[in-house]
K.L.:
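What follows is a structure written as structure tokens; I'll ask about it next.
One is the number of the first residue; the rest follow in order along the sequence.
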Amino acid sequence: MTPDGISDDDWHRVHHAACDIVNASAAGDETLSEHHHERLFEIIGELEALYGRLPSLLGTRADFMDDDSAAIPLLQEALVACEDPLSEQLTLESLIARMINQHYPDVIIQNHLNRLETLITHDGDDSDQEKLAELKT
């Protein structure tokens, strides 16, 4: 079960669709990749109808969007809804990266980085520390 309550069986559907996207992209098959994107978004829509707009669903939808300006509001919504440190960390990592790409004001990015650093200091491992350092750069 995800930290926000999605069953393992339902989350497996999301994971499988995401892997299909990655594999199609790696193969350079744009048509197949687009098909799998559509399928992933259909699955997320079905799960949102069942579970509501949970951080894991909002974040996953945003992570597979090409448009930063469309993804950021979803990640902001997910951040507000986070009720556990792992969901908050993952959401912040995605949100900060997108905000950097969109040249958000440094003060906004820094505030999110400070919160992310607090989360990682308490629960993070070496890979989390590396991700934080990369975002800070």
K.L.:
Strictly by modelled atom types, are Asp63 and Thr60 linked by a side-chain donor-acceptor pair under 3.5 Å?
P.N.:
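The criterion, which ignores hydrogens and geometry beyond distance, is not satisfied for Thr60 and Asp63.
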K.L.:
Compare all side-chain heavy atoms of Glu46 with those of Arg13 and state whether any distance is below 4.5 angstrom.
P.N.:
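Result yes, sub-4.5 Å side-chain heavy-atom pair found.
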K.L.:
Heavy atoms only: give me the nearest Met65-Ala71 pair and the separation to one decimal.
P.N.:
SD-CA, 4.1 Å
K.L.:
Classify the ring geometry between His16 and His12 as parallel (under 30°), tilted (30 to 60°) or perpendicular (over 60°).
P.N.:
parallel
K.L.:
Between atom CG of Leu75 and atom CG of Leu95, what is the distance when rounded to the nearest 0.5 Å?
P.N.:
5.5 Å
K.L.:
Show your working on side-chain contact (heavy atoms from CB on, under 4.5 Å) between Arg61 and Glu48 and close with a plain yes or no.
P.N.:
CA-CA 11 Å; Arg61 183 184 296 275; Glu48 283 178 340; 3.3 Å; yes
K.L.:
Nearest 0.5 Å, please: how far is NE2 in His112 from CD in Glu117?
P.N.:
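One finds 15.0 Å between CD of Glu117 and NE2 of His112.
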K.L.:
Just checking, any donor-acceptor pair under 3.5 angstrom between side chains of Asn114 and Gln110?
P.N.:
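Side chains of Asn114 and Gln110: pair found under 3.5 Å.
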K.L.:
Give a yes or no on whether Leu116 and Tyr104 share a hydrophobic cluster (residues Ile, Leu, Val, Met, Phe, Trp, Tyr; joining criterion: side-chain heavy atoms under 4.5 Å apart).
P.N.:
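Yes, because Leu116 and Tyr104 connect within a single hydrophobic cluster, where side-chain heavy atoms sit under 4.5 Å apart.
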K.L.:
Could you report the tightest heavy-atom contact between His36 and Ala24, atom names first, then the distance?
P.N.:
CD2-CB, 4.1 Å
K.L.:
Do you know the tightest heavy-atom contact between Ile120 and Asp128?
P.N.:
CD1-O, 3.5 Å
K.L.:
When rounded to the nearest 0.5 angstrom, what distance separates OG1 in Thr2 from CG in Leu57?
P.N.:
7.5 Å
K.L.:
Heavy-atom count check: over 12 atoms from other residues, nucleotides or ligands less than 6.0 Å from Asn111 CG?
P.N.:
yes
K.L.:
Do Ile96 and Val107 belong together in a cluster built from hydrophobic side chains that touch within less than 4.5 Å?
P.N.:
yes
K.L.:
So, taking the atom named CZ in Arg53 and the one named CG in Asp4, what distance separates them when rounded to the nearest 0.5 Å?
P.N.:
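Output value for this atom pair is 13.0 Å.
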K.L.:
Check whether Leu132 and Ile108 end up in the same hydrophobic cluster, where Ile, Leu, Val, Met, Phe, Trp and Tyr are linked by side-chain heavy atoms less than 4.5 Å apart.
P.N.:
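They do share one cluster, since a chain of ILVMFWY contacts under 4.5 Å joins Leu132 to Ile108.
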K.L.:
What is the distance from atom CG of Leu40 to atom CD1 of Ile21, rounded to the nearest 0.5 Å?
P.N.:
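With rounding to 0.5 Å, CG (Leu40) is 4.5 Å from CD1 (Ile21).
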K.L.:
Quick one: pull up CD1 in Ile109 and CE in Met99 and give me the separation to the nearest 0.5 Å.
P.N.:
7.0 Å
K.L.:
Report the C-alpha separation of Leu92 and Arg115 in whole Å, then their side-chain angles, then the decisive distance to 0.1 Å, and conclude whether the side-chain contact (heavy atoms from CB on, under 4.5 Å) test is met.
P.N.:
CA-CA 8 Å; Leu92 280 168; Arg115 177 61 186 150; 3.7 Å; yes
K.L.:
Tell me the closest heavy-atom pair linking Ser87 and Pro3, and the distance in Å.
P.N.:
OG-CB, 3.8 Å
K.L.:
Pairing donors with acceptors under 3.5 angstrom, does anything connect the side chains of Ser127 and Asp125?
P.N.:
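Indeed, the side chains of Ser127 and Asp125 share at least one donor-acceptor pair under 3.5 Å.
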K.L.:
Grab the two heavy atoms, one from Phe64 and one from Ala18, that are nearest each other, plus how far apart they are.
P.N.:
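Looking at all heavy atoms of both residues, the closest pair is CZ-CB, 3.5 Å.
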K.L.:
Decide yes or no on side-chain contact (heavy atoms from CB on, under 4.5 Å) for Leu58 and Thr91, but give the supporting numbers first.
P.N.:
CA-CA 9 Å; Leu58 293 165; Thr91 301; over 6 Å; no
K.L.:
Which atom pair, heavy atoms only, marks the closest approach of Leu47 to Val14?
P.N.:
CD1-CG2, 3.5 Å
K.L.:
Answer yes if the side chains of Tyr51 and Asp10 hold a donor-acceptor pair under 3.5 Å, and no otherwise.
P.N.:
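Yes, side-chain donor-acceptor contact under 3.5 Å.
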K.L.:
Main chain of Ala62, side chain of Arg98: is a donor-acceptor contact present, judged purely on distance under 3.5 Å?
P.N.:
yes
K.L.:
If Ile, Leu, Val, Met, Phe, Trp and Tyr residues are connected whenever their side-chain heavy atoms lie under 4.5 Å apart, and connections chain through other members, are Val22 and Leu90 in the same group?
P.N.:
no
K.L.:
Do Ser56 and Ile6 have side-chain heavy atoms sitting under 4.5 Å apart?
P.N.:
yes
K.L.:
Please answer: with hydrophobic residues joined when any side-chain heavy atoms are less than 4.5 Å apart, are Ile72 and Leu135 in the same cluster?
P.N.:
yes
